[in-house]
Amino acid sequence: MIEVLISSEQIKERVKQMGKEITEYYKDKTDTIHAVCVLKGSIHFFSDLVQNIDLNVEYSFIQVASYSGVSSTGRIRVKSWIDEPIENKYVIVVEDILDTGLTLSYILDYLRRYRPADLKVVTLLKKLGRNSQVTPDFVGFEIEDKFVIGYGLDYNEKYRNLPYVGWVKGNG
Ligand code: IMP
């Protein structure tokens, strides 16, 4: 049984606003930003967000694995990495959800080595009450500390294609 936490309409509305916030932030600084999609969970958020940003947006896709099931394995493995130079570019990392921030701080440490002009973080969801290692620059929704699924987020590769964010009753 799945309970809807954030409806498809709410996501759409918020993502549109976030696109505007991001456009506002960058428009006096640059006409082009480089957006890094953190696969697989950010696929839908990334796709919807960049369509709402009124700037030139270059894309990169990276995939790291840190989770197995609902609990962190504590291990981070890089499966694929950026394929475009980002030196002196305005880079925005697009995450699905910020929990401990372990995955993201690892990604950010590595991206900083390429010396981007600016490195910002946007996340659709941020879990409240979690001690995150990363402070995101743009946040879609703050949610309670529950394991959520849908709109790209999975539970053992299931539920990613749900158009809303929800949680499976009985799984935290
Ligand atoms: P962190 O390193 O603890 O911040 O975890 C980040 C990654 O773990 C996210 O990008 C997700 O892929 C996954 N994750 C964390 N919490 C959830 C959740 O509630 N549902 C689904 N995936 C999650």
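Start at 1 and go down the list; that is how both ligands and their atoms are numbered.
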Applying a heavy-atom cut-off of 4.0 Å, say which part of [X] lies close to ligand 1: side chain, backbone, both or neither.
X	value
Val38	neither
Lys146	backbone
Ile97	both

Is a side-chain donor-acceptor pair under 3.5 Å present for Tyr151 with Asp48?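 Judged by distance alone, the side chains do pair up.
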
I'd like to know if [X] pairs up with [Y] as an ion pair, taking the criterion as any Lys NZ or Arg NE/NH1/NH2 lying under 4.0 Å from an Asp or Glu carboxylate oxygen.
X	Y	value
Glu21	Arg14	yes
Glu3	Lys169	yes
Lys127	Glu142	no

Under 4.0 Å, counting heavy atoms only: does [X] come that close to any atom of ligand 1?
X	result
Lys40	no
Ile149	no
Val148	yes

With sequence neighbours left out, the residues meeting side-chain contact (heavy atoms from CB on, under 4.5 Å) with Arg112 are Leu108, Asp109, Leu119

For Val78, all residues meeting side-chain contact (heavy atoms from CB on, under 4.5 Å), sequence neighbours excluded: Val64, Trp81, Tyr106

Ligand 1 to Asp154 polar contact by distance, N or O atoms, under 3.5 Å: no

Can you check whether Gly101 has an N/O within less than 3.5 Å of an N/O in ligand 1? yes

Taking only heavy atoms of Glu95 into account, list the atoms of ligand 1 that are under 4.0 Å away from them. 10 (O)

Minimum heavy-atom separation for Ile149 to Asp154, with atom names?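 Shortest heavy-atom contact: CG2-C, 3.7 Å.
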
